[in-house]
Amino acid sequence: MDHGIPLVAVAHGSRDPRSAATVHELLTVVRALAPGLDVRSAFLELSAPRLGEVLTGLYEQGHREVVVAPLLLGRAYHAKVDLPGAVSEVVTRLPRLSVRIADVLGPDPRLESAALRRLAEAGAAPGDRELGVVLAGAGSSHEPANATVRALARRWSAGAGWAGVEAAFAASARPDVATVVERLKALGAQRIALASWFLAPGLLPDRVIAAARACGLDTVVARPLGDDPEVAELVLHRYAEACAAERRNITTLVG
């Protein structure tokens with residue numbers, strides 16, 4: 001891993017201060033795993049500092065190469081449009097700055113492992129036939145992002161021994177939490193566990209939590225993925241991939 005290239009971890013941003021606080025907690029773990037790596041936080045909107053401000057600051061400090069690592073769970077609109085647009089605006093102003101965008105976090109087995117660990121921490125024991133699990137994600141107009149969450153729910157349903165596991169979404173996709181809870185009741189669920197496919201707290205996680213708690217069954221709620229060590233490892237893995245890809249490109253050009 002090339003510690004000479006700064007890592008800018010960029011999240012979407014939220015008006016909810018818990019969201020930015022969780023991002024900072026995650027990056028504290030990242031720094032602990034990679035001492036000596038210059039790790040900065042940035043946001044696309046709603047939170048400070050914004051990505052353009054951080055990249056400009058690094059340039060003014062003398063850096064000419066940066067890796068931007070999206071703290072995004074899937075390749076939806078923010079990853080495909082917002083982030084490249086924000087980077088493009090900066091490099092247009094600062095053409096000597098080389099910015100490589102790392103891959104998004106998901107899908108990756110480490111995220112699944114982190115989500116299951118959060119669920120276990122909340123008290124959802126494998127093999128509990130009276131427990132129905134709702135795997136809640138944000139939802140997207142980009143269907144492949146939703147399909148990733150649905151595929152994860154199917155794997156859990158096949159192997160964990162619960163009454164059932166289904167994906168539900170806070171917005172822009174169906175089904176919603178209430179619909180999924182009714183399906184799980186029909187499968188024999190007497191209690192509900194809400195698994196989180198969110199990186200941090202905020203408006204959409206609060207929405208699915210409220211819906212789950214209104215379902216009329218005892219409900220346990222898993223924390224967002226946040227500062228789980230495997231999420232931090234994944235951030236560094238994406239950074240290393242981006243650095244390696246850059247070296248390959250340079251080798252191709254020179255050779």
Side-chain angles (χ1 to χ4, degrees), residues 9-29 41-48 50 70-74 76-79 82 104-106 111-112 114-124 131-142 145-146 148-150 152-153 156 162 164-185 189 191-228 231-232:
V10 58
H12 176 262
S14 170
R15 292 185 179 87
D16 188 328
R18 296 174 299 164
S19 178
T22 300
V23 169
H24 294 314
E25 289 164 2
L26 170 60
L27 296 187
T28 296
V29 181
S41 61
F43 301 89
L44 290 172
E45 59 183 29
L46 301 176
S47 301
R50 299 294 178 86
L71 300 181
L72 302 170
L73 300 183
Y77 186 84
H78 300 308
D82 287 346
V104 296
L105 296 179
L111 291 181
E112 180 175 355
L116 282 169
R117 190 157 36 252
R118 294 300 198 214
L119 199 54
E121 290 169 357
L131 185 67
V133 175
V134 181
L135 177 60
S140 172
S141 58
H142 183 63
N146 304 323
T148 295
V149 185
R150 293 191 180 101
L152 180 57
W156 289 8
W162 292 312
V165 183
E166 289 205 33
F169 302 97
S172 302
R174 294 287 181 268
D176 60 14
V177 170
T179 300
V180 165
V181 169
E182 290 305 312
R183 292 176 184 172
L184 293 172
K185 286 180 180 178
R191 293 172 288 106
I192 295 297
L194 185 69
S196 180
W197 198 247
F198 294 96
L199 187 69
L203 174 65
L204 295 182
D206 283 353
R207 182 181 298 173
V208 297
I209 290 170
R213 287 177 170 162
C215 71
L217 297 180
D218 288 342
T219 301
V220 297
V221 176
R223 292 190 294 137
L225 303 177
D227 60 352
D228 184 273
V231 178

In Å and rounded to the nearest 0.5 Å, what is the [atom1] to [atom2] distance from [X] to [Y]?
X    : Y    : atom1 : atom2 : value
F198 : L204 : CZ    : CG    : 5.5 Å
L119 : L135 : CG    : CG    : 9.0 Å
L194 : R213 : CG    : CZ    : 8.5 Å
W197 : L73  : CH2   : CG    : 6.5 Å
S47  : H24  : OG    : NE2   : 8.0 Å
E166 : L184 : CD    : CG    : 5.5 Å

Item to check | side chain to side chain contact (heavy atoms under 4.5 Å, CB included) between L105 and L72, intermediate numbers included | outcome: CA-CA 6 Å; L105 296 179; L72 302 170; over 6 Å; no
With no hydrogens and no angle check, is any side-chain donor or acceptor of [X] less than 3.5 Å from a backbone partner on [Y]?
X    : Y    : value
S140 : A145 : no
T22  : R18  : yes
S19  : R15  : no
K185 : G132 : no
T219 : L217 : yes

Shortest non-hydrogen contact from [X] to [Y]?
X    : Y    : value
A167 : P175 : O-CG, 3.5 Å
V23  : A11  : CG2-CB, 3.8 Å
F169 : R150 : CE1-NH2, 3.7 Å
A122 : V221 : CB-O, 3.6 Å
A168 : V134 : CB-CG1, 3.7 Å
S141 : S172 : N-CB, 4.0 Å

Checklist entry - So does D176 pair up with R207, basic N to acidic O under 4.0 Å? => result no
Next on the checklist: According to side chain to side chain donor-acceptor pair (under 3.5 Å), who are the partners of E25, at least two apart in sequence or on a separate chain?
Outcome noted: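 Expected list: none.
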Checklist entry - Are L71 and V10 side-chain neighbours, meaning at least one heavy-atom pair lies under 4.5 Å? => result no
Item to check | Candidate pair E182 and V177, rule side chain to side chain contact (heavy atoms under 4.5 Å, CB included), full reasoning | outcome: CA-CA 9 Å; E182 290 305 312; V177 170; over 6 Å; no
Next on the checklist: According to side chain to side chain contact (heavy atoms under 4.5 Å, CB included), who are the partners of R223, at least two apart in sequence or on a separate chain?
Outcome noted: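 So R223 forms a side chain to side chain contact (heavy atoms under 4.5 Å, CB included) with R118, E121, D227.
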Item to check | Worked verdict on S196 versus L225 for side chain to side chain contact (heavy atoms under 4.5 Å, CB included) | outcome: CA-CA 7 Å; S196 180; L225 303 177; 5.6 Å; no
Checklist entry - Can you check side chain to side chain contact (heavy atoms under 4.5 Å, CB included) on L26 and L199, steps first, answer last? => result CA-CA 10 Å; L26 170 60; L199 187 69; 4.3 Å; yes
